[in-house]
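Report on the following structure.
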Amino acid sequence: MVHIINRLQLSSDGLVVKGTKQEAHLQQGAMDGACAVYSMMMCLIILRSIHRNDVVSLDDEKIKGNTSKGRLIRTFLHYNGFVRCGYTLEALRDDLLHSYQKKVTANLFSIEDGTNILMEGIINSLNNNIPVELGFQRKGKMGHAVVAIGYEKNITGVLLYILDPGYPIIYGQYWNNVIHVDLNSNRKFNAFNFMEKESICIDEALVIENK
């Protein structure tokens, strides 16, 4: 059975945040930022913690640095937008809490805690209708960050339904990528990224919640 978080819905505007007309998916190019920043902003938009227009239609003259929203935008879109050496979710969490701690909490799950604990954190959050930002490694390539918005269990593991900032989303669809995690495998790269047709290793998960 497929579970999709209840904060999303399909409408004539496409995939939107429930109760609004805000598109949930951000594709790289819609704003300045690394994939980890795009994915974090998608989570905040889905949580209705920030409005989509706040991050895609920036008006520098209206950004007030003494507000939570102003600090968030300056931190991630002015100072740390293009992080060419990579942006770990641990560093992302720390920067998020530094700038936006009055609005949200953020918990990090890591593969260092064990695959089972990492996956339990992801599934439990999705069951509570919270989007989850995932960081994963790719063999011989830079890592990537995406947002899990649902899942489905099968015989070998879990299918995670993904909003991927690296690709467009087809009108009428809830997700634009799928990652299959093989829970029976002891290999490091035990997941398969369907969009890129390659094995990956999910090593971090960031769960953001409104206060």
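- M195 belongs to a hydrophobic cluster whose other members, connected by ILVMFWY side-chain contacts under 4.5 Å either directly or through intermediates, are Y167.
- Listed for the Y174 side chain is no donor-acceptor partner under 3.5 Å among the backbone atoms of L163.
- The only option from I50, N210, L47, L72 that meets the side-chain contact (heavy atoms from CB on, under 4.5 Å) definition with V104 turns out to be N210.
- Residues passing the ring pair (Phe, Tyr, Trp, His ring centres under 6.0 Å) test with H180, sequence neighbours excluded: none.
- V56 and M40 end up in the same hydrophobic cluster when Ile, Leu, Val, Met, Phe, Trp and Tyr side chains are linked at under 4.5 Å.
- In this structure, S99 OG and D94 CG are separated by 11.0 Å, a value rounded to the nearest 0.5 Å.
- With values rounded to the nearest 0.5 angstrom, Q173 atom CD is found 12.5 Å from H25 atom NE2.
- In the hydrophobic clustering of this structure, I162 does not group with Y171; members are Ile, Leu, Val, Met, Phe, Trp, Tyr whose side-chain heavy atoms approach within less than 4.5 Å, directly or through other members.
- With hydrogens and angles ignored, the 3.5 Å screen pairs a side-chain donor or acceptor of S39 with a backbone N or O of A145.
- The cluster map of Ile, Leu, Val, Met, Phe, Trp and Tyr, joined by side-chain heavy atoms under 4.5 Å apart, puts V16 and I169 in different clusters.
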Between I202 and L160, is the side-chain contact (heavy atoms from CB on, under 4.5 Å) condition met? List the steps.
CA-CA 11 Å; I202 299 174; L160 295 172; 3.9 Å; yes
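- With values rounded to the nearest 0.5 angstrom, N6 atom CG is found 9.0 Å from I130 atom CD1.
- V181 and V2 fall within the same hydrophobic cluster, where Ile, Leu, Val, Met, Phe, Trp and Tyr residues are linked whenever their side-chain heavy atoms come under 4.5 Å apart, directly or through other members.
- For S125 against V207, the heavy-atom pair with the smallest separation is OG-CG2, 3.3 Å.
- Looking at every heavy atom in both residues, P165 comes nearest to C35 through CG-O, 4.1 Å.
- Counting only distance, with no hydrogens or angles, the side chain of N128 and the backbone of N124 share a donor-acceptor pair below 3.5 Å.
- Closest heavy-atom contact between L126 and A148: CD2-O, 3.4 Å.
- Under the side-chain hydrogen bond (donor to acceptor under 3.5 Å, both in side chains) criterion, Y151 pairs with N127, sequence neighbours left out.
- The side-chain hydrogen bond (donor to acceptor under 3.5 Å, both in side chains) search around N129 returns none, not counting sequence neighbours.
- Cluster membership check: L26 does not share its hydrophobic cluster with I170, using side-chain heavy-atom separations under 4.5 Å among Ile, Leu, Val, Met, Phe, Trp and Tyr.
- Side-chain atoms of K102 never come within 3.5 Å of backbone atoms of K211 as a donor-acceptor pair (strictly under, hydrogens ignored).
- The stretch residues 120-138 participates, sequence neighbours left out, in these salt bridge (charged side-chain N to carboxylate O under 4.0 Å, His left out) pairs: R138-E196.
- Scanning both residues, L134 and A205, for their nearest heavy atoms gives CD2-CB, 3.9 Å.
- Within the model, atoms CD of E90 and CG of D95 stand 11.0 Å from one another, a figure rounded to the nearest 0.5 Å.
- Applying the side-chain hydrogen bond (donor to acceptor under 3.5 Å, both in side chains) criterion to Y161, with sequence neighbours excluded, gives E152.
- Between the side chain of H144 and the backbone N or O of F136 there is no donor-acceptor pair closer than 3.5 Å.
- For the atom pair CD1 (I149) and CG (L15), the distance works out to 7.0 Å, reported to the nearest 0.5 Å.
- Formation of a donor-acceptor pair under 3.5 Å by the D164 side chain with backbone atoms of V146 is not found in this model.
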Pairs under 3.5 angstrom only: tabulate donor-acceptor contacts from the side chains of residues 105-118 to other protein residues two or more places apart or in another chain.
from: S110; atom 1: OG; to: E112; atom 2: N; distance (Å): 3.1
from: D113; atom 1: OD2; to: S110; atom 2: N; distance (Å): 3.4

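- Screening residues 181-195 for salt bridge (charged side-chain N to carboxylate O under 4.0 Å, His left out), with sequence neighbours left out, gives no hits.
- Evaluation of the salt bridge (charged side-chain N to carboxylate O under 4.0 Å, His left out) test over residues 7-24, restricted to residues two or more places apart or in two chains, returns none.
- At distances below 3.5 Å, at least one donor-acceptor pair connects side-chain atoms of Q22 with backbone N or O atoms of R52.
- Here K141 pairs with E198 under the salt bridge (charged side-chain N to carboxylate O under 4.0 Å, His left out) rule; sequence neighbours left out.
- Considering only residues two or more places apart in sequence or on other chains, F189 meets the ring pair (Phe, Tyr, Trp, His ring centres under 6.0 Å) condition with none of them.
- Remark: of the listed residues I46, I45, L206, I46 is the sole one forming a side-chain contact (heavy atoms from CB on, under 4.5 Å) with P131.
- The structure places OG1 of T156 at 7.5 Å from CG of L183, a figure rounded to the nearest 0.5 Å.
- Legend: ring-ring contact (aromatic ring centres under 6.0 Å, His included) pairs involving residues 192-211, not counting sequence neighbours, sorted by first then second residue: F192-F194.
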